[in-house]
Structure formats: C-alpha cells, structure tokens
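Okay, so here's the structure we're looking at.
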Amino acid sequence: VCGIRCNDPEWLNKEELMKHIEPDHGYTRKSEQYLHFIRYISELEPASRPGFLKFLTGSRRLPIGGFKSLSPHMTFVLKRENPGQHPDQILPSVMACQTYVKSPRYSSYPIFKARFDYAVLEGQQNFTLS
C-alpha cells in the first residue's frame, strides 16, 4: 500500500532503468546527459535513494511495481540556461506532478553528480516552481 522500499535491485540495472525513464525535449537515449542520469541513479547508495525520490516525486518510495509504475513515467528533459549563464552554474530541477527531471548540459559527470547531489539535499524541505 505504501510503495516499495529503496533496496530493490531495479536501481542497479541500467538497462531496466532506461526502459522506464524517457529522454525528451532536447535529449535522446544516446545523449551524454541522459546516460549520466541513468548512471547517477544506478550508483545511488540505498540510504540516499529515498531523498532522491522525495526530490523527484514528493514521496520517499516508488509505487508498487517500481519505476515502471510511476505515472506519468519519469522523463529527463533539457533545462536551458539564460543568456550569459554557463550550464555548470545551474541546478537541476523537477516537475514532481509530471515526473519531469530538468537538467542542463553539464561539462562532466563529476559536475553532474555534484549538482544533483546538492539539489537533492537542498530540495528535501522545499517545493518550488522550476
């Protein structure tokens, strides 16, 4: 009734994650940033997964059935920067009601990870429009 715990092996299977996380609006399945996102999820420690889910969906658990049961399905989209702003300066954001993850094109995976870690940590007590 309350969803599944965050220790499911689905989190570690990149191919399975790619089945249920759609790239769109600027990203494809071959986009470097999309692949960074899949890697980021698959490398999350079990203790960090509830916080990631809370940032993404507002709930600390996936629905019964895991990622495939998210409704709507998770979508990873491009977040565009303002003129004169470098993508590495921008934090990712989400649209929880649509399960959209919005990310700019970061220059490397370590920066990608650092920005997501920070956004997830700081986004635990906030609900803001992106």
[atom1] of [X] to [atom2] of [Y]: how many Å apart, nearest 0.5 Å?
X      : Y      : atom1 : atom2 : answer
Leu17  : Asn13  : CG    : CG    : 6.5 Å
Glu43  : Ser48  : CD    : OG    : 12.0 Å
Lys102 : Thr75  : NZ    : OG1   : 12.0 Å
Ser103 : Arg115 : OG    : CZ    : 11.0 Å

Backbone of [Y] reached by a side-chain donor or acceptor of [X] within 3.5 Å:
X     : Y      : answer
Thr57 : Ser59  : yes
Tyr40 : Tyr109 : no
Arg29 : Pro23  : no

Side chains of [X] and [Y]: does their closest heavy-atom pair fall under 4.5 Å?
X      : Y      : value
Ile21  : Val101 : no
Leu35  : Lys14  : no
Glu10  : Leu62  : yes
Tyr106 : Glu32  : no
Lys79  : Tyr100 : no

Donor-acceptor list for residues 66-74 side chains, cut-off 3.5 Å, not counting sequence neighbours:
residue, atom, partner, partner atom, Å
Ser69, OG, Ile64, O, 2.9
His73, NE2, Lys68, O, 3.2

Given the rule that I, L, V, M, F, W and Y join up when any side-chain heavy atoms are under 4.5 Å apart, are Leu44 and Ile111 in one cluster?
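Leu44 clusters together with Ile111.
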
Ignoring hydrogens and angles, write down the donor-acceptor pairs under 3.5 Å from the side chains of residues 82-91, residues two or more places apart or on other chains.
residue, atom, partner, partner atom, Å
Gln85, OE1, Asn82, N, 3.1
His86, ND1, Asp88, N, 3.0
Asp88, OD1, Ser107, N, 2.9
Asp88, OD1, Ser107, OG, 3.4
Asp88, OD2, Ser107, OG, 2.5
Gln89, OE1, His86, N, 3.0

Using the six-membered ring wherever Trp is involved, compare the ring planes of Phe76 and Phe112 and label them parallel, tilted or perpendicular (cut-offs 30° and 60°).
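Phe76 vs Phe112 ring planes: tilted.
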
Which is it for Leu78 and His25 under the side chain to side chain contact (heavy atoms under 4.5 Å, CB included) test, yes or no, and what are the steps along the way?
CA-CA 6 Å; Leu78 177 62; His25 301 293; 5.6 Å; no

Suppose we call two aromatic rings close when their centres sit under 6.0 Å apart. Are Phe37 and Phe116 close by that rule?
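Yes: the rings meet the under 6.0 Å criterion.
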
Side chain to side chain contact (heavy atoms under 4.5 Å, CB included) for Glu122 and Phe55? Distances and angles first, verdict last.
CA-CA 9 Å; Glu122 292 299 317; Phe55 169 70; over 6 Å; no

